[in-house]
Amino acid sequence: MPMQRHATVGEAVATRRVHLGMRQRDLATAAGVSETTIRNIEAGRIGGRPTKWPLVELALRWAPGSFETLLAGDQPREIAPPAAPSPADAPWADRLPTRILDELTEHELFDSAVLDVGDDLRVIVLAVEAGRPPAGRAGRRRRVERWERVLGRLRDSAVD
């Protein structure tokens, strides 16, 4: 299989993961695979042993065989998430400020973090895609790098 197809699969996996608000670590945990496996898949190094593919497909809420579908140049079919209460139905949602609920409703979640600021206090940071996600791998990489710089500054200030 051409390496370009593998890169396409990797980009589709990364895009879907971000769309679902997951970090690589989250996807690895949900799929029961290593973070290295997720990094390799997203880098287009999916290899010839597809034993982990069904696990990752399920964690991404894609139908079985989605990697093969992507390799063939088609789009994977999404499957419904497991039945769970929506955030709007959760008891804590009533306590969130309207401006936070509006942001979460209007925009796609990009990433999140929980920062321990001491004295049993934590800060929850949600990054949302306020505009269209950048096209291509380079654009996505720039956005991720910017998010990591901001997150680093937040962590540094949380320690002060």
Would you check if [X] and [Y] make a side-chain contact, meaning some heavy-atom pair closer than 4.5 Å?
| X | Y | answer |
| --- | --- | --- |
| R149 | R146 | yes |
| L115 | V125 | yes |
| I124 | L126 | yes |
| M22 | V18 | no |
| V9 | W53 | no |
| R39 | E35 | yes |
| V123 | D116 | no |
| W62 | V56 | no |

| request: Output all residues satisfying salt bridge (Lys or Arg N to Asp or Glu O under 4.0 Å) with E11, sequence neighbours left out; order by chain, then residue number. | output: none
| field | By salt bridge (Lys or Arg N to Asp or Glu O under 4.0 Å) - contacts of R141 (at least two apart) | value |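 Per chain and number, R141 pairs via salt bridge (Lys or Arg N to Asp or Glu O under 4.0 Å) with no residue.
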Atom pair [atom1] ([X]) and [atom2] ([Y]), whose distance is rounded to the nearest 0.5 Å:
| X | Y | atom1 | atom2 | answer |
| --- | --- | --- | --- | --- |
| T37 | R45 | OG1 | CZ | 11.0 Å |
| L60 | I41 | CG | CD1 | 8.5 Å |
| E103 | T98 | CD | OG1 | 12.0 Å |

| message | Whether D26 and R23 form a salt bridge (side-chain N of Lys/Arg under 4.0 Å from carboxylate O of Asp/Glu) is what I want to check. | response | yes
| said: To check you understand the geometry: which heavy-atom pair defines the closest contact between P76 and L70, and what is its length? | reply: CD-CD2, 3.5 Å
| query | Which heavy-atom pair separates L27 from A59 by the least distance, and what is that distance? | reply |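 Looking at all heavy atoms of both residues, the closest pair is CD1-CB, 3.6 Å.
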| message | Under the side-chain hydrogen bond (donor to acceptor under 3.5 Å, both in side chains) definition, can you give me all pairs with a residue in residues 66-79, not counting sequence neighbours? | response |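 For residues 66-79, and leaving out neighbouring residues, the side-chain hydrogen bond (donor to acceptor under 3.5 Å, both in side chains) pairs sorted by first residue read R16-E78.
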